[in-house]
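Hydrogens, waters and symmetry mates are skipped; everything else that's a heavy atom, side chains included, is used.
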Amino acid sequence: VGRHRVSVVACTTGGRDRGARAGPLGRLAAAGSPICVGSDSNAVIDMLEEARGLELDQRRATGRRVHHQPVDLFRAATIGGTRALGWEAGELKAGMLADFVTIDPPRDEAKKDLDLGYLMFSRSAHDVNNVVVGGTTVVSR
C-alpha cells in the first residue's frame with residue numbers, strides 16, 4: 001500500500017463511535033501512504049477533532065505519545081484529504097480552489113504560544129468564524 005502511495009483516510013470520531021480499533025497509521029505513513037482525515041460521523045463533524053484523533057487514537061492503542069507532529073495532522077486535514085479526492089486544493093495558491101476557514105483568535109494569555117500545535121490540540125469547529133468555498137464566504141459570524 002505504501003509503495004504505491006495509496007492514501008489512507010481515517011475517520012477517527014466515526015471509528016470511536018463504532019468501537020473500531022485504531023489502525024496502523026504510523027506504519028502506513030512510514031511506508032509512504034499519505035494519511036488523510038475525513039468525517040463520517042453523525043455525532044461530530046469537526047476536521048480539527050478528526051485530525052487530533054489520529055494522534056490520540058494511536059496514543060490509546062500503543063500507550064506512547066508523539067506519533068504524529070502537528071504539521072502532519074494539519075496536512076492530513078488539509079492537503080492530504082483534498083489530494084485523496086483527486087482535487088488540486090488544500091493550499092492557498094493561485095489556480096487552486098479557494099476553500100478555507102478562519103478561526104477565532106486565542107484568548108490573550110495564549111497568544112504568546114500561538115503555533116500549529118495550539119491549533120491542532122486546542123481548537124475545534126466551535127472556533128471557526130468564517131467558511132469560504134470557491135472564494136465565496138458561505139458562513140460568517
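Scanning all heavy atoms of the two residues, the minimum distance from E50 to T12 falls at OE1-N, 2.8 Å. Closest non-hydrogen pair, V66 versus Q69, comes out as CG1-NE2, 3.2 Å. M120 and A51 get closest at one heavy-atom pair: CE-CB, 3.5 Å. Closest approach of A61 and A22 over heavy atoms only: CB-CB, 4.1 Å. Pairing each heavy atom of A29 with each of I35, the nearest pair is CB-CG1, 3.7 Å.
In this structure, D40 pairs ionically with R18, as a charged nitrogen and a carboxylate oxygen lie closer than 4.0 Å.
Placement of F100 and I79 in two distinct hydrophobic clusters is found when ILVMFWY residues are connected by side-chain heavy-atom separations under 4.5 Å, directly or transitively. Hydrophobic clustering keeps L85 apart from M96 (ILVMFWY residues linked when any side-chain heavy atoms are closer than 4.5 Å, directly or through intermediates). Cluster annotation: L116 and Y118 are assigned to distinct hydrophobic clusters (Ile/Leu/Val/Met/Phe/Trp/Tyr, side-chain heavy-atom contacts under 4.5 Å, transitive). Side-chain heavy atoms closer than 4.5 Å link hydrophobic residues (I, L, V, M, F, W, Y) into clusters, and following such links, even through other members, never connects L97 to V131. A continuous path of Ile, Leu, Val, Met, Phe, Trp and Tyr side chains, each step under 4.5 Å between heavy atoms, connects L48 with V133, placing both in one hydrophobic cluster.
Checking side-chain atoms of R141 against main-chain N and O of V128 turns up a donor-acceptor pair under 3.5 Å. The backbone N or O of G80 lies less than 3.5 Å from no partner atom in the side chain of R75, so there is not a single donor-acceptor pair. Checking side-chain atoms of S33 against main-chain N and O of V6 turns up a donor-acceptor pair under 3.5 Å. Between the side chain of S124 and the main chain of H126, a donor-acceptor pair closer than 3.5 Å is present. Put simply, the side chain of S122 never gets that close to the backbone of L119: no donor and acceptor are under 3.5 Å apart.
V1 is listed as a side-chain neighbour of L28, based on a closest heavy-atom distance under 4.5 Å. For the pair L73/R52, no side-chain contact is recorded, criterion being any heavy-atom separation below 4.5 Å from C-beta on. Residues R60 and R16 have side chains in contact (heavy-atom distance under 4.5 Å, counting atoms from C-beta outward). Proximity of R59 to R64: side-chain heavy atoms (C-beta onward) are nowhere separated by under 4.5 Å. By the 4.5 Å heavy-atom criterion applied to side chains, R83 and S7 are not counted as neighbours. The side-chain heavy atoms of L25 and V8, taken from C-beta on, include a pair separated by under 4.5 Å.
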Before giving the answer on side chain to side chain contact (heavy atoms under 4.5 Å, CB included), spell out for M47 and S39 the whole-Å C-alpha distance, their side-chain angles and the decisive distance to 0.1 Å. CA-CA 7 Å; M47 290 309 287; S39 185; 4.2 Å; yes
Worked check of side-chain hydrogen bond (donor to acceptor under 3.5 Å, both in side chains) between N130 and S140: CA-CA 4 Å; N130 292 290; S140 181; 2.9 Å; yes
Run the side chain to side chain contact (heavy atoms under 4.5 Å, CB included) test on V37 and L54 for me, step by step, so that the C-alpha distance in whole Å, both residues' side-chain angles and the decisive distance to 0.1 Å come before the verdict. CA-CA 8 Å; V37 293; L54 293 175; 3.4 Å; yes
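Remark: R27 CZ is loosely packed, at most 12 non-hydrogen atoms of other residues, nucleotides or ligands lying under 6.0 Å away. The number of heavy-atom neighbours closer than 6.0 Å to CZ of R3, taken from other residues, nucleotides and ligands shown, is 12 or below.
The only member of T62, D72, D57 that meets side chain to side chain donor-acceptor pair (under 3.5 Å) when paired with H67 is T62.
To the nearest 0.5 Å, atom OG1 of residue T102 and atom CG of residue N129 are 3.5 Å apart.
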